[in-house]
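Input: a single structure, listed below in structure tokens.
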Amino acid sequence: MKPLLVLLLSFTISIITIKIIKKEYDFALSARIAMSTMLVFTAIGHFVFTKGMSMMIPKFIPFKESFVLLTGLLEILIALGLLIPRFKYPAGWALIIFLLLMLPANIYASIHNVNYQKGTFDGNGLAYLWFRIPLQILFIFWTYICSIRM
């Protein structure tokens, strides 16, 4: 829920700011700024909640904490790429692939009731997926529209 709020709030602020500065709306740029802001916000979680996020990764995958830190760094790099016009297209595709690859971790975490913020197994469970999967689809659609299609 927090990433969605960050996305929508930063989009609103961006669209208003760009309108004031450029005297016209630039929805694609505002959407990329919002997505970048949200990615940096979620990347911070990778560094703050490393232990809990590593619990979202299936047991057979080694170096879980390193993997969590690496994906946080990747989110920051993609966020930067979305803001650089020359890199917005490949960054958009990289983000879409990243979002698709992270969905199994969210499903695994839901099945195992992982609460990544506490690092415990008392999370929302499968009910979480009723929100997370549509949210993931929204993020993919948002990224496609603002960085690939435009």
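Any value given below was found using the heavy atoms of this structure, including those in side chains, with hydrogens, waters and symmetry copies removed.
Between N106 and L129, the closest heavy-atom pair is O-CD2, 3.9 Å. Taking both residues in full, the closest heavy atoms of A43 and E75 are given as N-OE1, 3.0 Å, listed atom of the first, atom of the second, then distance. Closest non-hydrogen pair, H46 versus T50, comes out as O-OG1, 2.6 Å. Heavy atoms only, all atoms of each residue included: M56 and V114 are closest at CG-CG1, 3.9 Å. Of all heavy-atom pairs between F121 and H112, the closest is CD2-O, 3.2 Å. The nearest pair of heavy atoms linking K64 to S54 is CD-O, 3.4 Å.
Linking Ile, Leu, Val, Met, Phe, Trp and Tyr whenever their side-chain heavy atoms come within less than 4.5 Å leaves L9 and L7 in two separate clusters. Both I148 and L100 belong to a single network of hydrophobic side chains, linked directly or stepwise wherever heavy atoms of I, L, V, M, F, W or Y lie under 4.5 Å apart. Hydrophobic clustering (side-chain heavy atoms under 4.5 Å, transitive across Ile, Leu, Val, Met, Phe, Trp, Tyr) groups F41 together with I140. Taken together through direct or relayed side-chain contacts under 4.5 Å among Ile, Leu, Val, Met, Phe, Trp and Tyr, V40 and F49 form part of one hydrophobic cluster. Hydrophobic cluster membership is shared by L82 and L8, with clusters built from Ile, Leu, Val, Met, Phe, Trp and Tyr side chains linked at under 4.5 angstrom.
With rounding to the nearest 0.5 Å, the separation of CZ in F141 from CD in Q136 is 15.5 Å. Taken from OH in Y128 to CD1 in I133, the straight-line distance is 10.0 Å, to the nearest 0.5 Å. We find the CG-CD1 distance between D26 and I21 to be 11.5 Å, quoted to the nearest 0.5 Å. Atom CZ of R132 and atom CD1 of I137 lie 11.5 Å apart (nearest 0.5 Å). Separation of atoms OG1 (T71) and CG (L101) is listed at 11.0 Å; rounding is to 0.5 Å. Between the CG atom in N115 and the CG atom in D122 there is a gap of 5.0 Å [rounded to 0.5 Å].
Counting non-hydrogen atoms of other residues, nucleotides and ligands closer than 6.0 Å to CZ of F67 gives a total of 12 or fewer. Dense packing is recorded around CZ of F47, with more than 12 heavy atoms of other residues, nucleotides or ligands lying under 6.0 Å away.
Taking Ile, Leu, Val, Met, Phe, Trp and Tyr as members and joining any whose side-chain heavy atoms lie under 4.5 Å apart, directly or through other members, F63 forms no hydrophobic cluster with any other residue. Applying the 4.5 Å side-chain rule to ILVMFWY residues, one finds I18, I33, L83 in the same cluster as L29.
A search for salt bridge (Lys or Arg N to Asp or Glu O under 4.0 Å) contacts involving K51 returns nothing, not counting sequence neighbours.
Ring-plane geometry between Y89 and W93 is classed as perpendicular, the angle between the planes exceeding 60 degrees on a 0 to 90 degree scale with a lower cut at 30.
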Chi angles and distances behind the side-chain contact (heavy atoms from CB on, under 4.5 Å) call for I16, T12 = CA-CA 6 Å; I16 292 168; T12 303; 4.0 Å; yes

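Between F11 and W142, a ring centre-to-centre spacing shorter than 6.0 Å is recorded.
In this structure, the side chains of N124 and N113 stay at 4.5 Å or more apart for every pair of heavy atoms. Contact annotation: the side chain of L4 approaches that of F131 to within less than 4.5 Å [non-hydrogen atoms, C-beta and beyond].
Checking each of L39, I78, I96 against T143 for a side chain to side chain contact (heavy atoms under 4.5 Å, CB included) leaves exactly one that passes, namely I96.
R32 places a side-chain N or O within 3.5 Å of a backbone atom of C146 that can act as its donor or acceptor partner.
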